[in-house]
Each structure stands twice: as C-alpha cells, then as structure tokens.
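Okay, so here's the structure we're looking at.
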Protein chains: 2
Amino acid sequence: MAPEKEVTIYDIARYLNLSAATISRGLKDHPAINKKTKKKIIEAAKTLGYRSNMFASNLRTRQTKTIGVIIPRLNSYFMSTVIAGIESIANEEGYNLIISQSLESTEKEAANAITMFNSRVDGVLVSLASDTNNVNHFNAFLQKKIPIIYFDRTMATSDCMSISIDNFKAAFEITTHLIEQGCKRIMHLGGNITRNVYADRLAGYKAALKKAGLPVHENLIRFSNLSDEAGTEAGKYICSLTQKPDAVFAANDTCATYCMLYLKQHGYKIPTDIMFAGFNNDPISKVVEPNLTTINYPGYVMGQIAATNLINHLKGIADIGTTNIVILRSELIVRASSKK
Amino acid sequence: MAPEKEVTIYDIARYLNLSAATISRGLKDHPAINKKTKKKIIEAAKTLGYRSNMFASNLRTRQTKTIGVIIPRLNSYFMSTVIAGIESIANEEGYNLIISQSLESTEKEAANAITMFNSRVDGVLVSLASDTNNVNHFNAFLQKKIPIIYFDRTMATSDCMSISIDNFKAAFEITTHLIEQGCKRIMHLGGNITRNVYADRLAGYKAALKKAGLPVHENLIRFSNLSDEAGTEAGKYICSLTQKPDAVFAANDTCATYCMLYLKQHGYKIPTDIMFAGFNNDPISKVVEPNLTTINYPGYVMGQIAATNLINHLKGIADIGTTNIVILRSELIVRASSKK
DNA sequence: TTAAAAAATGCAACCGATTGCAAAAAAAAT
DNA sequence: ATTTTTTTTGCAATCGGTTGCATTTTTTAA
C-alpha cells in the first residue's frame, strides 16, 4: 500500500558518477553514448533493480504506449478472438491494451470514449454498439489527431480507417449457395440494420435473390438481436407460417443454431425440410447437428491487422489517413445443414 | 501525430487569476476550497477544454488506477466472461484494465508480468498458465506490496488471495450423479494436473468412486489439453477399448462434446450406451445433442468478485491479506446426456 | 606539437499535478 | 475597533525522465 522508494536514474547516476542525462540516453541506446558506458549503465541498472518510470517518461514525451479498445461485448467468441489477435500484436510491439465494453449502448460507448481520451491512449480501435448511428462522441480524438480504426462494426460516413470483411459479398455467396441447392423461399434472420454489417448482409441476401430471379418476401425477413432466444422465436414464427421457407440464412450462428434446434424438436428434418446457414463460424456451428453452413470470419487476423495498422501509424511507418477501407477475405464453409 | 498543446491547470489558474494549487484542489473537491471558487474552477475547466494529465498526477501520487490481468487465453467462453465481469467493476470504479495472455506458456506469463510491473499497475489479477508450477515470476509484485489475486487457475502455495470454485466438490457431485444414474465404469478426461483445477477435479472424481465402492481404473483416466481434438482422440480411445466405460466425465465441455460427437458417429447411443458430463456450462453444452450435463461455472461473478476485492484493497476498505481463499458456489446442471 | 573535428558527457529547463506549510483574507469574538 | 479564530488561497519543492545546447574529452588532421 505505502509506495516503496524506487530506484531512479539519479540513483544510477550517483552510483556510476555520471549525469542523469547520460543514464537516460544510455538506457535507451542513444548513439552519442559510448558503448562501454552503456554497458556499465545497463549493468548498474540491473544490479540496482531499476525500472523505468513510465509516468515521468510519458509526461515528457506525451505518449502512453497504450491502445484503447472499445467493443460491444467481450464475451462472444468472435470478439474475444479479435481481442486475442490485437493483444498478440500489441504485446509484441510493447503497447498496452485498455479494453472496455459498450454493452451495445451508445451512451456507455461515449462514456468509455471519454475515459480513454482522458487516459490519453495513443490510438483507439473501435467496434460500434449496435444502435450507434453517429460517431460524434469520438470527435475529441479526431481533434487531437488521435488515430481511430474501426473494425467489424464500422461507420460508413467516418473518415477513419475501417477494417471489415465484405459482408455483402459473403451474404450474397451464402444465399446463392442455398439457391444452388434448390431453395426458393429463403428466410433471412437479420440484425439491427443501423449497423453496416447487418445492413450489408441483408443487401447481399436480397441481391442474390434478385439475381436468381427470386422474389423478396418481406414476411421472410426478420430482425432481432440475433441471440439464442431470438433464434428460438424465429423457429416459432416459422412454425406459424402457412407457406414455410425452405431455407434460413441467419446473420449469425447462434441465431441460426437455436432456430434449427427448435425446428428439429418440432419435427422438421434438416436439411431435407429446411436448409440452414449462419455467419461467423462460431464453435457451435461445428457442434450442432447437422453442422451449420457458415461464413468463416477471420477474427484473429482482423485483430492483428487492426493493431498492426494502428501501431505502424503511430510509429510513423505508414499513414492511416491514406487508406480508408480494408476488406479481409472471408470464406464460405459448406456443411451438412445445406447439403442435399 | 505531433502532440497538441494541452490545457493545464496553469492555464486555468491564469484564466481565473488564481494559483495552480487552488485549481488542483478545486478540481478534486478539496474541502479547503470555497464553494463558489470551486464552481468557477469547474466551469473554467470545461470552457477551456481541460483534461487532467494522468501522468503528471501518477508521477506525483505513484498510483496508476490501472489493474493488470494475466490469463492463459482470451478467446475462450469462460475467460471472456470473467474478463467481462472484471471490466464491469473496474469501469465503474474508474480503473483501467491492462490485459495480456500467457497462451499457456510460463515464460510468456513471466514476460507479461514484467511488463505489467513496469507499467506500474496498482494490482494484478492472474489465472495461471497450465504448466506454471511456481509463482516466482510474481515476486517483484510481492516485494513492492502490489496486491495479486489469483482466480480459477490458482496456486496452492501462494500467500495471496485466490478465488475459485470448489472443484473437488463439483467433480465429486457430478461423478456421484453419474453413479446414481447407474454408471459403474466412469471414464475421466482430465487436464494438466499441475493445475489445481484439474487436479481437484480428478481427486473429486476418484473420491466419488471410492465412496461408492467403485474401483478406480487407471486406464479410464486420460489427460490432455482438453481441446476438441483431444475429445475426438478420447472417442477413438474408447472405441479401441474392449471393456467400454459406461460414462465419461470430462474436465471441460469442449472435450466432452467432441468425444460424444465422435462416439455418436460411430454408432454409440447417448446416454443409453454411454452417459456424458462436462464442466463449465459452455454454450456448446446447450447445443450438442443430447444436451450436456455440466457444472455451471460462474465466470462473470468470479470476475466481479476478483475485481471488487482488489479494488477494495487498493482503496483501503478491506485488506486482502486476511482472506486467503474465496470459494464460489457452483452448480450441477443435469441435462439429457446423463439421464436414464 | 598544435589546431580542428568528432565523440562523449553534463547542465538545466522542462513536462503538469500534488501537497505541506505559510500567508492572506474573511468571519467571529472581545 | 481590535484581537482571535476560521477559511481560503498561494508558494515552492517534488515526482523522474527527456532533450537542446554547452562543455569537456578524445581522436584525427595538419
């Protein structure tokens, strides 16, 4: 509790009969310092048990070596995978991570942004809350030229770099796949379309229908928070329909899975009666029976790329301002839930 | 990139014709400052766009308002849930979180510990890597009286507070449950027994057998990293046995699930031929068919409790030194995989 | 041997908030 | 009106590392 006395560069300076300035330079490998002196300094630092005081350093250099991460929630497979990817790079590059969750609330997102701003993070990685429809609460960062990179849940209007997959294309492909399997009445379980990802998936779905000359039935498009309960609800809804769909494409695997489970319990045969497709390649997609056709979403890589870009920008290696959008490769994974 | 000029308390002082000391005190509601003056100060701070410089503050107060978290990996359901719980409390209390993963490597764990130490976190929450068998790499914290709380993967010898569930009891209960269902040859798929959690689960399993007067068959106890592959492997192993087990108790749900899936594919009927039980109450346990009997592990609450205890200690409200072990309530969840 | 150039080190002023103690101002008591 | 007490406010040192510029030392050139 009581702060212990720490060894400072002044202690080392006294110990070696040098100046603090020399110690400071020696410790960070400044070219103007004699190699032998450096060696002595480093050894002395070790024997005295010195550790750099980042606050003093930050105070002077106005850098924190810290990256802020704001995400809707931590405890989803996808998000924790992204964070793992971010962490792997940040750790390697000597950056710390400050993480906070918006819990899908724009207000909390804004509050977290302020906290991060006051913590003086060097840069921010953001995945937006589901109903965030403007990014004004990040203006403080922009004014101070603190770089922001949006990932996954991005904002179209934003003038920051954003990283995502081509949700339109992925949805288009997976829908087309269902059509190729002979499906004609494909239902879509979508998320909040304020969010680019869900809007794009919906658009891709519609485009695929259109291209195949199939009609878009509005009563076959349902929106929800894509939770397991929402999946079950969708199952009930399907049971209530007189004209059943012959396939379901859900915007995530959880919703698809629970919908499928409900229908199975009510006598439907998958994929014979209804085919299924999800999104994300969540672990449950490989467990549910039949295994779920889905889109592989490269979360880990996405995290790594986001972190790499941000850090390179901070190091002055590559400017973020020039690149606007990065699209990662996603991949259709066909499993038993959509095979004839 | 180029650091912008910031508003400091000196700017406010000049603006209001007061001293920096008064501003500093006014901003933090010091009792010696006149209420009207405080009001003026706060308003001025707002209009000037002031934000506190935490480095200057930290430099003086030797506190960082930051908590370090070291965990094996982020991208597991359980861990991300714990982190979510930690974050919820930390955020509320104005603490930042620095998170890093050891990826189950003791060396990386030690490296991360050093980084955190140098980042001067106020306290640390740790869940140990699977093969960590001593906690010497955390000595630096102890020497500087920086509090550590271990959670889930704890270390028996440690003189720090640790938070976990009663793994022995949980394993005992779930094994007993299987026995009550009529099982006599129960297999155990365990994890690395260097780790308390897995050692305790194994012990609980054995104790339950013993209590029921059942023999412990060493060839029915297998150790692995509890991954999905390990589960599949276990399935193969079972197929190769002449004397089959009539139940499997795995130390996590993933391993149980994949073992079960493998056996199902090879003609076994669950639970008729073999019953199954897992651990953790992972989402997949509710998806696999039949649903998996498991132990509900309160990750979110565990995270909250760990964070609360650490922060209370830091605030001087409650000393951590006196409490050694906190055991959370866990709960047997019986599902179809183990019902006659 | 001396002058010029290069290398190594030191000086001292920051960075911005905090805080013990002293001083000033305001309020209360005499 | 004067003294005592209580409130407010200010002074100035401090936290520890960084860095432009000056100074010293060493090396090279003349």
Side-chain angles (χ1 to χ4, degrees), chain A residues 2-42 44-46 48-66 94 117-120 122 144, chain B residues 2-42 44-45 48-66 94 117-122 144:
Chain A
E4 307 281 310
K5 340 101 200 59
E6 296 273 349
V7 178
T8 71
I9 53 171
Y10 298 99
D11 297 320
I12 302 181
R14 209 172 308 123
Y15 180 77
L16 291 179
N17 233 260
L18 287 170
S19 77
T22 302
I23 306 299
S24 172
R25 295 200 177 94
L27 246 19
K28 49 170 40 184
D29 212 31
H30 188 100
I33 301 295
N34 190 300
K35 277 160 212 151
K36 288 171 198 162
T37 314
K38 274 182 200 164
K39 200 154 292 172
K40 271 199 297 180
I41 292 175
I42 291 177
K46 190 161 287 174
L48 293 182
Y50 168 81
R51 62 171 174 164
S52 160
N53 186 322
M54 307 185 88
F55 308 123
S57 168
N58 288 338
L59 180 58
R60 245 336 273 242
T61 62
R62 296 145 160 284
Q63 266 206 70
T64 64
K65 282 285 210 168
T66 297
F117 184 67
N118 289 332
S119 303
R120 317 235 168 174
D122 288 346
K144 290 258 190 282
Chain B
E4 307 282 310
K5 341 90 200 74
E6 297 273 348
V7 178
T8 71
I9 53 171
Y10 298 100
D11 297 319
I12 302 181
R14 208 171 310 121
Y15 180 77
L16 290 180
N17 234 260
L18 288 169
S19 78
T22 304
I23 307 299
S24 173
R25 295 201 177 93
L27 247 18
K28 49 170 38 183
D29 212 33
H30 189 102
I33 302 294
N34 189 300
K35 276 159 211 151
K36 290 171 198 165
T37 315
K38 273 183 199 165
K39 202 155 289 172
K40 271 200 297 180
I41 291 176
I42 291 177
L48 293 182
Y50 167 81
R51 59 170 176 165
S52 159
N53 186 321
M54 308 185 83
F55 307 123
S57 169
N58 287 339
L59 179 58
R60 244 336 272 246
T61 63
R62 297 145 161 282
Q63 265 207 76
T64 63
K65 282 285 210 167
T66 297
F117 184 66
N118 289 333
S119 302
R120 315 231 169 178
V121 293
D122 289 346
K144 290 256 190 280

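The figures that follow rest on heavy atoms only: side chains count, while hydrogens, waters and symmetry mates do not. Chain A is the first sequence line, chain B the second, and so forth, proteins listed ahead of strands; every chain is numbered from 1.
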[atom2] on [Y] to [atom1] on [X], rounded to 0.5 Å:
X        : Y       : atom1 : atom2 : result
A/Arg120 : A/Thr66 : CZ    : OG1   : 12.5 Å
B/Arg14  : B/Leu48 : CZ    : CG    : 10.0 Å
A/Leu59  : A/Thr64 : CG    : OG1   : 13.0 Å
B/Ser52  : B/Lys28 : OG    : NZ    : 8.5 Å

Exercise for the section: Return the 5'-most residue of the pair B/Lys38, A/Thr8 with respect to DNA chain D, ranking by each residue's nearest nucleotide. Expected result: B/Lys38
Exercise for the section: Could you check B/Ile33 against B/Arg120 and say which one's nearest nucleotide on DNA chain D is further toward the 5' end? Expected result: B/Ile33
Scan [X] against the nucleic acid and name what it touches under 4.0 Å (heavy atoms): base, sugar-phosphate only, or nothing.
X       : value
B/Phe55 : nothing
A/Asn17 : sugar-phosphate
B/Leu18 : sugar-phosphate

Please pick, from [options], the nucleotide with the shortest atom-to-atom distance to any side-chain atom of [X].
X       : options                : value
B/Leu59 : D/dG17, C/dA8, D/dG16  : D/dG16
B/Ala32 : D/dG17, C/dC11, D/dT8  : D/dT8
A/Ser24 : C/dT19, D/dG17, C/dG16 : D/dG17
B/Ala56 : C/dA17, D/dA12, D/dT18 : C/dA17
A/Arg60 : C/dC21, D/dG17, C/dG10 : D/dG17
A/Thr37 : D/dC15, C/dT9, C/dA17  : C/dT9
A/Glu6  : C/dT19, D/dT19, D/dG16 : D/dG16
B/Ser19 : D/dC11, C/dA17, D/dG17 : D/dC11

Within less than 4.0 Å of OP1 or OP2 of [N], is there a side-chain N or O belonging to [X]?
X       : N      : value
B/Asn53 : C/dA17 : no
A/Thr61 : D/dT18 : no
B/Tyr10 : D/dG10 : no

Distance check needed: [N] [atom2] versus [X] [atom1], whole Å only.
X       : N      : atom1 : atom2 : result
A/Leu27 : D/dG17 : CG    : P     : 8 Å
A/Gln63 : D/dG17 : CD    : C1'   : 14 Å
A/Asp11 : D/dG17 : CG    : C1'   : 13 Å
A/Lys35 : C/dT9  : NZ    : P     : 12 Å
B/Ile9  : C/dT19 : CD1   : P     : 11 Å
B/Asn34 : C/dA25 : CG    : P     : 15 Å
A/His30 : D/dT18 : NE2   : P     : 12 Å
A/Ile41 : C/dA8  : CD1   : P     : 12 Å

Exercise for the section: Classify the side chain of A/Arg25 and the base of D/dG20 as holding, or not holding, a donor-acceptor pair under 3.5 Å. Expected result: yes
Practice task
Mark yes or no for a side-chain to base donor-acceptor pair under 3.5 Å between A/Arg62 and C/dG16, with no hydrogen or angle criteria applied.
Solution key: no
Practice task
Go through the steps for B/Leu16 and B/Ile41 under the test side chain to side chain contact (heavy atoms under 4.5 Å, CB included), then give the verdict.
Solution key: CA-CA 8 Å; B/Leu16 290 180; B/Ile41 291 176; 4.0 Å; yes
Exercise for the section: Give a yes or no on whether the backbone of B/His30 and the side-chain of B/Lys38 come within a donor-acceptor separation of less than 3.5 Å. Expected result: yes
Practice task
Check whether any side-chain N or O of B/Arg25 sits under 3.5 Å from a backbone N or O of B/Ile33 as a donor-acceptor pair, and report yes or no.
Solution key: no
Completion exercise
Of B/Ser52 and A/Ile23, the one whose nearest nucleotide on DNA chain C sits closer to the 5' end is A/Ile23
